[in-house]
Peer 1: 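Attaching a single structure in structure tokens format; questions to follow.
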Amino acid sequence: MLTMLVVDDELYALKGITQGIDWSDLPIGTILEAESVAEAKAHIERQTVDLLISDIEMPEANGLELLRYIREASPQTLTVFLTGHARFEYAQEALHMGCFDYVLKPIDHDVLKGIVTRAIEEVERRREQADFEKKLDDYRRQWVSQLPILVDRFWHELLEGRFGRSSDRLDREFAQLDIPLTAEKGRVLPILLSVEQWDVELDSRDESIMEYALRKAAAETIMGERAGTVVQDPGEFSLGLLYLGESDTPDRQALMGRCRQFVQACRDYFHCRVSCYIGSVVSVGELPAAVERLLQLERANVTASQVVIDAAVGGEEAQGGQSIALPSFLEWGTLLDNGRQDELVRAIEATTDQFAREIAGRETLELFRYGLLHLLYQAAFRAGVSIYEALDPSDLGDTQAIRSPLALKTWSVRVVRKCAEAFQDKMRDSSAIVAKVQSFIQDNLQAELNRDDIARSVFRNPAYVSRLFRKETGLSLTDYITQCRIERAKRLLAETNDKISRIAEDLSYVHFSYFAKLFKKMTGLSPQEYRKKHQIMR
């Protein structure tokens, strides 16, 4: 509801407006009265006034002076003036100063009410506009605050192959997210940041906070003043991305030095052991395959810790060929991800048969082979499989595959079948590794367990085991160990008469107070309360 203020030094005229007109059908909640400009100002100082009806000619201070005051003190207030024929120039000046409208005296109540009705519509329109602008400003601030998250999400989607071959879409995303790259000429240098071990015990929340701090430190130490970002990949490793222009040549020695500083800082300040794997400079489209190569290096590294490895081999990547009509490898990747390899094989056969009918040139066959290999790299990355575990070097380097459409068909079907089988085996192997890890933890709850010991039990890289375990179970290794120990403690409290302090020591809790606090946090009861409530009578 609106507030209306009526100002007139003649009392009968004032009451004629406030009480002589039926305002009940308009959204006016409060009607205020004032017999002078000073009294009107006092009302405006105390509360918001949406609409002002005022006589222009009044003793001491007139309506124009009140309008000047309103323009400064309450600019949202709309003003309607009352004026006589003799001083019509006042009304003209008032309109020039921004009043909404005026009414000639003697006042026609219907005319005044009609003007007020229009003024109320204008007040509501301005309110809606102000609300819209406020929301727009809020959205703008939210956008700025959410920009780092949106940049992370963009790179996640690109690594997962969701952008396909659309250069226009990539360029729109780059511009919107203020990323200084283009789909055609932009290049990226990836740096894999692998957390090998935390030297302090952390729960899932604390570990997430520390990983965020590591990413911020990596952005400051490794990227420095260069354009780039550090993102948290869905696979739970951190990835630095250095943005490069078409002619930029990074100083790899200097970059390795900054990575060593970061590794040292992690050891000194963040209580963790980290290794860095520096990749080759690649185009944006080649980034998923480049990241996969870094992940393969990390998985193969089971001995060296806190190292910086330069994974670049050879010179810059070759530039791609011309854009031609090819199948949607993005859609084909979805088929492979969903286990529909037979459908994918039929699509490959249909496409290569079309190449034969249309007498496709060597360039077309080469681009098709490159696109399919890129698809397989991405699919292997999403499945957590090294492409070299799925395919032999002879499969990847088979230059005879493009000697004819028939040879291309044979090669394509073979590599797709082998990859599909490797992905299925990986799923079974991953479950087997997690089961072995769980068994090892259950058998060693009395020991001081750490990630290195657990990883050695399954002959895998510690960072890889940690990511795999979280992906399969939804729990970190630390949380799972704690959960198992508390479950073991609950059983011992209920089934034995052993001292509670002895139970805590047998489960590797040196400090009884910490054990008691953790037990109550996870069960809602102290160890003594739990035993009293659940112990089997003996």
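Atoms considered below: every heavy atom in the structure, side chains included; atoms not considered: hydrogens, waters and symmetry mates.
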Peer 1: Do you know the tightest heavy-atom contact between Leu376 and Leu336?
Peer 2: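 Residues Leu376 and Leu336, closest heavy atoms: CD2-CD2, 3.7 Å.
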Peer 1: I'd like to know whether CD of Glu331 has more than 12 heavy-atom contacts from other residues, nucleotides or ligands below 6.0 angstrom.
Peer 2: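 Not more than 12 within 6.0 Å, no.
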Peer 1: What are the two closest non-hydrogen atoms of Ile387 and Cys419, and how far apart are they?
Peer 2: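 Looking at all heavy atoms of both residues, the closest pair is CD1-SG, 4.2 Å.
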Peer 1: How long is the span from the CD atom in Gln232 to the CG atom in Leu193, to the nearest 0.5 Å?
Peer 2: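 With rounding to 0.5 Å, CD (Gln232) is 10.0 Å from CG (Leu193).
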Peer 1: For the residue pair Asp452 and Arg273, what are the closest heavy atoms and their distance?
Peer 2: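 Answer, listing the atom of Asp452 first, then Arg273: OD2-NH1, 3.8 Å.
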Peer 1: Taking atom CD of Glu343 and atom CH2 of Trp332, what is their separation to the nearest 0.5 Å?
Peer 2: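 The CD atom of Glu343 sits 11.5 Å away from the CH2 atom of Trp332.
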Peer 1: In terms of heavy-atom contacts, does CG of Asp443 have more than 12 from other residues, nucleotides or ligands at under 6.0 Å?
Peer 2: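 Counting neighbours around CG of Asp443, more than 12 heavy atoms of other residues, nucleotides or ligands fall under 6.0 Å, so yes.
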Peer 1: Is there a donor in the side chain of Gln483 and an acceptor in the side chain of Asp479, or the other way round, less than 3.5 Å apart?
Peer 2: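 Not at all, the side chains of Gln483 and Asp479 share no donor-acceptor pair under 3.5 Å.
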Peer 1: Could you check whether any side-chain heavy atom of Ile278 comes within less than 4.5 Å of a side-chain heavy atom of Leu294, counting everything from C-beta outward?
Peer 2: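 No; the side chains remain at least 4.5 Å from each other.
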Peer 1: Does the side-chain contact (heavy atoms from CB on, under 4.5 Å) test come out yes or no for Ile441 and Leu445, once each step is laid out?
Peer 2: CA-CA 6 Å; Ile441 290 172; Leu445 291 177; 3.8 Å; yes
Peer 1: Can you name the closest pair of heavy atoms from Val437 and Val458 and give their distance?
Peer 2: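 Looks like CG2-CG1, 3.9 Å.
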Peer 1: Would Arg485 count as a cation-pi partner of Tyr509, with NZ or CZ less than 6.0 Å from the six-membered ring centre and within 45° of the ring normal?
Peer 2: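 Yes, Arg485 lies over the aromatic ring of Tyr509.
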Peer 1: With distance as the sole criterion, is a donor-acceptor pair present between the side chains of Glu133 and Gln129 under 3.5 Å?
Peer 2: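 Distance-only check passes for Glu133 and Gln129.
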Peer 1: Using the ring centroid of each side chain, check whether Phe469 and Tyr464 are separated by less than 6.0 Å.
Peer 2: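 Between Tyr464 and Phe469, which both carry aromatic rings, the centre distance is not below 6.0 Å.
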Peer 1: Suppose we screen for salt bridge (Lys or Arg N to Asp or Glu O under 4.0 Å). Which residues come up paired with Arg260, at least two apart in sequence or across chains?
Peer 2: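 Arg260 satisfies salt bridge (Lys or Arg N to Asp or Glu O under 4.0 Å) with no residue once adjacent residues are dropped.
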Peer 1: For the pair Phe515 and Phe519, name the ring-plane relationship: parallel under 30°, tilted 30 to 60°, perpendicular over 60°.
Peer 2: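 The arrangement is tilted - the two ring planes meet at 30° to 60°.
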Peer 1: Identify the two heavy atoms, one from Ser275 and one from Val307, that lie closest to each other, and give their separation to 0.1 Å.
Peer 2: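 Closest approach of Ser275 to Val307: OG-N, 3.0 Å.
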Peer 1: Taking atom types as modelled, find out whether Thr221 and Arg258 have a side-chain donor-acceptor pair closer than 3.5 angstrom.
Peer 2: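 Thr221 vs Arg258: no donor-acceptor pair found between side chains.
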Peer 1: Considering only NZ, NE, NH1 and NH2 on the basic side and carboxylate oxygens on the acidic side, decide whether Asp392 and Lys418 come within less than 4.0 Å.
Peer 2: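 Salt bridge: yes.
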Peer 1: Between Glu487 and Cys484 (side chain of the first, backbone of the second, donor and acceptor by atom type, cut-off under 3.5 Å), is there such a pair?
Peer 2: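 Side chain of Glu487 to backbone of Cys484, a donor-acceptor pair under 3.5 Å: no, none is there.
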Peer 1: So, the side chain of Asp248 versus the backbone of Gly245: is there a donor-acceptor pair under 3.5 Å, distance only?
Peer 2: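 Judged by distance alone, yes, a pair lies under 3.5 Å.
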Peer 1: Closest approach of Thr352 and Pro405, non-hydrogen atoms and distance?
Peer 2: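 Smallest heavy-atom distance, with atoms named: O-CB, 3.6 Å.
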Peer 1: Side chains of Arg417 and Gln341: any donor to acceptor distance under 3.5 Å?
Peer 2: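 No, no side-chain donor-acceptor contact under 3.5 Å.
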Peer 1: Ser508 and Glu448: side-chain donor and acceptor closer than 3.5 Å?
Peer 2: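 Yes - a donor-acceptor pair under 3.5 Å links their side chains.
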Peer 1: So that I can tick it off, tell me whether Arg127 and Glu124 are bridged by a salt bridge, with the cut-off set at under 4.0 angstrom between side-chain N and carboxylate O.
Peer 2: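 Salt bridge absent between Glu124 and Arg127.
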Peer 1: Looking only at the side chains, is there a donor atom on one of Gln442 and Ser439 sitting less than 3.5 Å from an acceptor on the other?
Peer 2: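 No, Ser439 and Gln442 have no side-chain donor paired with an acceptor closer than 3.5 Å.
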Peer 1: Applying side-chain hydrogen bond (donor to acceptor under 3.5 Å, both in side chains), name anything that partners Arg126, two or more places apart in sequence or on another chain.
Peer 2: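 So Arg126 forms a side-chain hydrogen bond (donor to acceptor under 3.5 Å, both in side chains) with Glu122.
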Peer 1: Any Lys/Arg nitrogen of Arg456 or Asp453 sitting under 4.0 Å from an Asp/Glu carboxylate oxygen of the other?
Peer 2: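 Yes, Arg456 and Asp453 are salt-bridged.
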